[in-house]
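Both ligands and their constituent atoms are indexed starting at 1 by order of listing. These values consider heavy atoms only, across backbone and side chains, with no hydrogens, waters or symmetry-generated copies.
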Amino acid sequence: MPNTAVEYLHVVAAVIRGNDGRILLAQRPTHQHQGGKWEFPGGKVESGETPLQGLSRELHEELGINVQQAHPLIKVRYVYPERAVLLDVWEVIAFSGVAHGREGQLVAWYTAEQLPTLEFPPANYPIITAARLPERCLITPEPHNTAEFLHQLEQRLHAGIRLVVFRAKSLAADDYVALAREVIALAHEFEAKVVLNSPPIPIAEADGLHLTSSQLWHTPRRAGQWLSASCHDGRELQRAAEIGVDFALLSPVLPTLSHPGAAHLGWAAFAAAVEDVNFPVYALGGMENSHVATARLNGGQGIAAIRSVWDGV
Ligand SMILES: Nc1nc2c([nH]c(=O)n2[C@H]2C[C@H](O)[C@@H](COP(=O)(O)OP(=O)(O)OP(=O)(O)O)O2)c(=O)[nH]1
Ligand SMILES: [Mg+2]
């Protein structure tokens, strides 16, 4: 929960993607706060500016580029001993001009997977996670026929799915582990990530462990992998923050076909809950591919779905 007694300095920063998907970083001048570390370029919003105006000005001043297309990615609050910052991070997907360090700073392009190896200010950890995560998350439907399931999954990977929550409640422990290994091997051929929903035994090759909301209340094991969770309200999202999850799914945001009359959060409650945590959150429940932009405007990482992502790619 953000500390409302603290005044946060509003900073805009950019995850700038080049045509090859790499991300542009700059090195903070040594005399600055957090000097010498890599940063997502940006700076303080000035009075009277919208965040996007501030971002466009900063990127022009620091890198000599003009932002053409950008959307919100994540907001992170962090309290340093010297100051508290609200890092308002945008993803820039189109710009004109050739990026260069106009203030003498070193700039360089890195792949998203290289980011964890670099030294950033401590506030940046969730931004790196957000930069590594795609805008759509596939939750697998129950695998009734293994060969058919893997064939369908491969098609989704071909169509661009890069994050899979592998869920298979109907399988016995041995069968789950065997199929999980195949799912992971296949996904990794596409550089996609797989988080496992309640594996009966830890699987080292997995990219993460995904907790159900009831598992949030036990202390989870961490195995150098991502930890993610399913949450259904702000309280569960706060609990996920306490145990240090890397990202979460929040549901149901909209009415679903499976539970048409059930209560749902709506976008305003989704946005309010997401605003209070510092990690990427996917909207789940009634999501179609067309909701990605809405999810992002409401502070989310994107959408998670079973049916529409499985059937609709
Ligand atoms: N731009 C940027 N700032 C970051 C990142 N991570 C992080 O903790 N910060 C902090 C460091 C600073 O306290 C603050 C940004 O302020 P700044 O000093 O760079 O702002 P500015 O570009 O307007 O610089 P200046 O004109 O005041 O020198 O946010 C990041 O990835 N990018
Ligand atoms: Mg700056």
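A side-chain donor-acceptor contact under 3.5 Å links Thr140 to the backbone of Arg167. At least one donor-acceptor pair closer than 3.5 Å links the side chain of Gln225 to the backbone N or O of Ala206. Looking only at distances, no side-chain donor or acceptor of Asn298 sits under 3.5 Å from a matching main-chain atom of Gly300. Side chain of His100 to main chain of Val98: a donor-acceptor pair is present (N/O by atom type, distance under 3.5 Å, no hydrogens or angles).
With distances taken over non-hydrogen atoms, the option nearest atom 8 (O) of ligand 1 out of Tyr80, Phe120, Tyr78 is Tyr80. Residue Asn124 holds the heavy atom nearest to atom 7 (C) of ligand 1 of all those in Val11, Ile128, Val45, Asn124.
Results of the side chain to side chain contact (heavy atoms under 4.5 Å, CB included) test with Phe247 over Val195, Ile74, Leu227 single out Val195 as the only residue that passes. Partner Trp38 forms a ring-ring contact (aromatic ring centres under 6.0 Å, His included) with one of Tyr110, Phe120, Trp109 and no other, that one being Tyr110.
Taking a cut-off of under 4.0 Å to the non-hydrogen atoms of Glu62, the atoms of ligand 1 that pass are 22 (O). Less than 4.0 angstrom separates some heavy atom of Ala123 from each of these atoms of ligand 1: 8 (O). The distance from ligand 1 to the heavy atoms of Pro121 drops below 4.0 Å at these ligand atoms: 6 (N), 7 (C), 8 (O).
If you look at Gln34 next to ligand 1, there are no close heavy atoms at all, none under 4.0 Å. With a heavy-atom cut-off of 4.0 Å, Leu87 touches ligand 1 through its side chain alone.
With respect to Arg307 and Glu288, a salt bridge is recorded, a charged nitrogen being found less than 4.0 Å from a carboxylate O. Under a 4.0 Å N-O distance rule, the pair Arg239/Glu236 does not qualify as a salt bridge. Looking at Arg296 and Glu91, a side-chain N of the basic residue comes within less than 4.0 Å of a carboxylate O on the acidic one, giving a salt bridge. Ion pairing between Glu62 and Arg102 fails under the 4.0 Å rule for side-chain N and carboxylate O.
Where the criterion is an N or O separation shorter than 3.5 Å, residue side chain and backbone included, Phe40 meets it with respect to ligand 1. When only interatomic distances are considered, the shortest N/O to N/O separation between Pro41 and ligand 1 does not fall below 3.5 Å.
Protein heavy atom nearest atom 12 (C) of ligand 1, with residue, atom name and distance: Arg83 NH1, 3.2 Å. Of all protein heavy atoms, the one lying nearest to atom 19 (O) of ligand 1 is Arg28 NH1, 2.9 Å. From the protein, the heavy atom lying nearest to atom 28 (O) of ligand 1 is Gln32 NE2, 3.2 Å. Looking only at protein heavy atoms, the nearest one to atom 21 (P) of ligand 1 is Gly43 CA, 3.6 Å. Atom 18 (O) of ligand 1 has its closest protein heavy atom at Lys44 NZ, 3.1 Å. Protein heavy atom nearest atom 2 (C) of ligand 1, with residue, atom name and distance: Glu39 OE1, 3.2 Å.
For residues 180-196, the side-chain hydrogen bond (donor to acceptor under 3.5 Å, both in side chains) pairs, not counting sequence neighbours, are Glu113-Lys193, Arg181-Glu205, His188-Asp207.
For the pair Arg156 and Trp310, the distance from NZ or CZ to the six-membered ring centre is under 6.0 Å and the angle to the ring normal is within 45 degrees.
The number of heavy-atom neighbours closer than 6.0 Å to CG of Asp20, taken from other residues, nucleotides and ligands shown, is above 12.
Protein heavy atoms all stay at least 4.0 Å away from atom 26 (O) of ligand 1.
Around the Mg ion (ligand 2), the protein atoms of type N, O or S found under 2.8 Å away are Gly42 O, Glu62 OE2, listed by chain and number.
Ring geometry, His158 versus Phe190: the interplanar angle exceeds 60°, so the pair is classed perpendicular (tilted spans 30 to 60°).
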